[in-house]
Amino acid sequence: MTPALQDLYALTRADVTAWMETRGFSPVHGARLWNYLYWEMVDAFAAMVELPAKVRRRLEQETYLGVLPTALATDSSDGFTRKFLLTLPDQRRIETVLMRFTGRATACVSTQAGCAMGCVFCATGQMGFARHLSPGEIVAQMVHVGRALRRAGEARLRNVVLMGMGEPLHNYDATMRALEIVRDPSGLSLGADRITLSTVGVVPGILRLAEEKQPLHLAVSLHAATQEERAALVPAAKAWPLDQLMAACRFYSERTGRRIFYEWTLIEGKNDSPDHAHAVGALLRGLPAQINLIPLNPTEGYKGAPGRTEAAKAFQRILGDLYGLPSTVRQRRGIDIAAGCGQLAVAAAGR
Ligand code: SAH
Ligand code: SF4
């Protein structure tokens, strides 16, 4: 049986060097290969012209460049958002989004094809779970966005949010491995302050992040301040109830000294009233927290409406004035191309 080919995007810089050395090639070729992968971001072995032919041949025999071909790229009418539909080696598809509205290019990356968590208002949750992504498939999305920026003559990729399709802490090992690879300062250089991981509230994963002191920003999708209301929106809350989640968040902040971002999708008449603001204020009071309010984006499977601007403003005032909690309202961008939060889904992704 021929051994499976190695995806180059799944290797750390040290692995690349070791790969060269175990085959009797100079570590200089390792440095050059790494440069091709993450500085030049080439999309084929043929472009690696400075590598000796025998090195390239060996690479072609034993490895592959896990470039994810673009099935479709769409731009939002406001010009700030570009959504890529990318094809995985098994022909499944995922979505990755390039966002420019903060003035810094940010990639919104998927960690799974589909999602098993079933949040009622999320298009990815509505499509169900297909499979986990491999470390190389997660890295390849960031390279893809980096390459698109390069081709457009724009500045390098600055930030990454793990807020695309899937639940990153349900695919913990692959996600952390991918982050280790892209963190390398001589590669994509996406270090601690440039990565935000958003979780639905997978308690064991949050505890592990804290214990390992993983260098990243953590965002926790809260959406409700009581167990009952939360479980109705986020079925995963039945497995990891609110009190356990808050205990894990407290542990995380104590252990890492980091503030947590709490996400709150504002749904009109469901969780956008002053009473809800008081409830979340009381829940988070005294914690190192910032609340990100996200007006609901439309999805096919959920009938709710986004909270109104005035409701969001009143919500923010209560949080800030009465509970000392800073908050932001996320700008709605890319909605016309279904690239907003919770809108990523691929028809027939399971096939
Ligand atoms: N699985 C992770 C990350 C992906 S979703 C998580 O759930 O946190 C990123 C954010 O978008 C989450 O806070 C999620 O709750 C929110 N979201 C999902 N569907 C949405 C929708 N239709 N409108 C607005 N926000 C949504
Ligand atoms: Fe999965 Fe996050 Fe969507 Fe929930 S909101 S279904 S956890 S991607």
Side-chain angles (χ1 to χ4, degrees), residues 81 94-97 99 106-133 138 141 160-172 174-175 195-203 205-206 209 216-224 229-240 245 248-249 260-268 270-272 280 289-307 312 327-335 337-346 349:
T81 311
I94 51 165
E95 295 192 325
T96 305
V97 182
M99 306 179 295
T106 299
C108 179
V109 164
S110 297
T111 53
Q112 299 176 318
C115 185
M117 299 296 150
C119 303
V120 296
F121 47 71
C122 171
T124 313
Q126 290 157 16
M127 71 183 258
F129 179 69
R131 72 165 169 88
H132 294 302
L133 299 189
I138 299 171
Q141 295 172 68
V160 166
V161 291
L162 299 174
M163 296 189 186
M165 297 168 72
E167 167 49 47
L169 298 186
H170 182 213
N171 188 14
Y172 191 96
T175 301
I195 303 259
T196 303
L197 180 152
S198 174
T199 177
V200 70
V202 178
V203 167
I206 295 171
L209 284 178
L216 43 77
H217 293 294
L218 179 63
V220 171
S221 297
L222 203 55
H223 310 312
E229 285 180 346
R230 191 160 184 272
L233 295 170
V234 179
K238 290 171 199 140
W240 300 295
L245 174 61
C249 290
I260 294 179
F261 298 95
Y262 292 90
E263 293 157 293
W264 190 280
T265 295
L266 280 170
I267 309 169
E268 192 179 29
K270 263 242 141 85
N271 65 357
D272 68 340
V280 66
Q290 174 166 327
I291 295 108
N292 288 342
L293 301 167
I294 317 171
L296 180 77
N297 292 318
T299 59
E300 220 164 72
Y302 188 68
K303 292 285 158 273
S327 62
T328 54
V329 180
R330 198 168 290 173
Q331 292 181 52
R332 302 185 81 215
R333 298 281 197 198
I335 308 306
I337 57 165
C341 293
Q343 292 189 301
L344 304 187
V346 180

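Just so you know, ligand 1 is whichever comes first in the structure, and atom 1 is the first atom listed for that ligand. Excluded from the calculations below are hydrogen atoms, water molecules and symmetry mates; all remaining heavy atoms, backbone and side chain alike, are included. Quick caveat: nothing in here was measured; it's all calculated off a predicted structure.
Taking all heavy atoms of Gly340, Gly342, Pro295 into account, the minimum distance to atom 18 (C) of ligand 1 is reached by Gly342. Of the candidates Phe121, Tyr262, Phe261, Phe121 brings a heavy atom nearest to atom 17 (N) of ligand 1.
Scanning the protein for heavy atoms near atom 13 (O) of ligand 1, the closest one is Ser221 OG, 2.7 Å. Regarding atom 11 (O) of ligand 1, its nearest protein heavy-atom neighbour is Cys341 CB, 3.5 Å. Ranking the protein heavy atoms by distance from atom 3 (C) of ligand 1 puts Ser198 O, 3.5 Å first. The nearest heavy-atom contact from the protein to atom 5 (S) of ligand 1 is Met163 O, 4.0 Å. For atom 1 (N) of ligand 1, the nearest protein heavy atom (residue, atom name, distance) is Gly166 O, 3.0 Å. Here the heavy atom of the protein found nearest to atom 23 (N) of ligand 1 is Asn297 N, 2.8 Å. Residue, atom and distance of the protein heavy atom nearest to atom 3 (Fe) of ligand 2 are Cys122 SG, 2.3 Å. Residue, atom and distance of the protein heavy atom nearest to atom 6 (S) of ligand 2 are Gly125 CA, 3.3 Å. With hydrogens left out, the protein atom closest to atom 2 (Fe) of ligand 2 is Gly166 O, 4.4 Å, a heavy atom.
Using a distance-only test at 3.5 Å, with no hydrogens or angles considered, a donor-acceptor pair links the side chain of Arg230 to the main chain of Leu222. A donor-acceptor pair is defined here as one N or O able to donate and one able to accept, closer than 3.5 Å; such a pair exists between the side chain of Glu95 and the backbone of Ala345. Here the side chain of Asn171 pairs a donor or acceptor atom with the backbone of Thr111 at under 3.5 angstrom. Without hydrogens or angle criteria, Gln141 side chain to Ser110 main chain gives a donor-acceptor distance under 3.5 Å. The backbone N or O of Val200 lies less than 3.5 Å from no partner atom in the side chain of Trp240, so there is not a single donor-acceptor pair. The main-chain N or O of Thr265 is found under 3.5 Å from a side-chain atom of Asn271 such that the two form a donor-acceptor pair.
At a heavy-atom cutoff of 4.0 Å, ligand 2 is contacted by both the backbone and the side chain of Cys119. Under 4.0 angstrom from ligand 1, the non-hydrogen atoms of Glu263 all belong to its side chain. Residue Thr299 touches ligand 1 through its side chain alone, judged by heavy-atom distances below 4.0 Å. Contacts between Val220 and ligand 1 below 4.0 angstrom, taking non-hydrogen atoms only, are absent altogether.
Ligand 1 has His223 within reach: a non-hydrogen atom of the residue lies less than 4.0 Å from it. Heavy-atom separations between Gly342 and ligand 2 are all 4.0 Å or longer. Not a single heavy atom of Pro306 lies less than 4.0 angstrom from ligand 1. Distances from ligand 1 to the non-hydrogen atoms of Gly164 include at least one value under 4.0 Å.
Within the listing of ligand 1, atoms 6 (C), 8 (O) sit less than 4.0 angstrom from a heavy atom of Thr199. The ligand atoms of ligand 1 that sit less than 4.0 angstrom from a heavy atom of Cys122 are 18 (C), 19 (N). Within the listing of ligand 1, atoms 24 (C), 25 (N) sit less than 4.0 angstrom from a heavy atom of Ile294. Heavy-atom proximity to Cys115, at under 4.0 Å, picks out these atoms of ligand 2: 1 (Fe), 6 (S), 7 (S), 8 (S). Close contacts of ligand 2 with Val200, meaning ligand atoms under 4.0 Å from a residue heavy atom, involve 7 (S). Listed by number with element, the atoms of ligand 1 under 4.0 angstrom from any heavy atom of Leu296 are 21 (C), 22 (N), 23 (N), 24 (C).
In terms of N/O distances under 3.5 Å, ligand 1 is approached by Thr265. By the 3.5 Å distance cut-off applied to N or O atoms, Leu162 is not counted among the residues near ligand 1.
Each of Asn292, Val280, Ile291 was scored for a side chain to side chain contact (heavy atoms under 4.5 Å, CB included) with Ser327, with one residue passing: Ile291.
The aromatic rings of Phe121 and Tyr302 stand perpendicular to each other, their planes meeting at an angle above 60°, with 30° marking the opposite boundary.
Thr199 and Glu167 share a side-chain donor-acceptor pair at under 3.5 Å.
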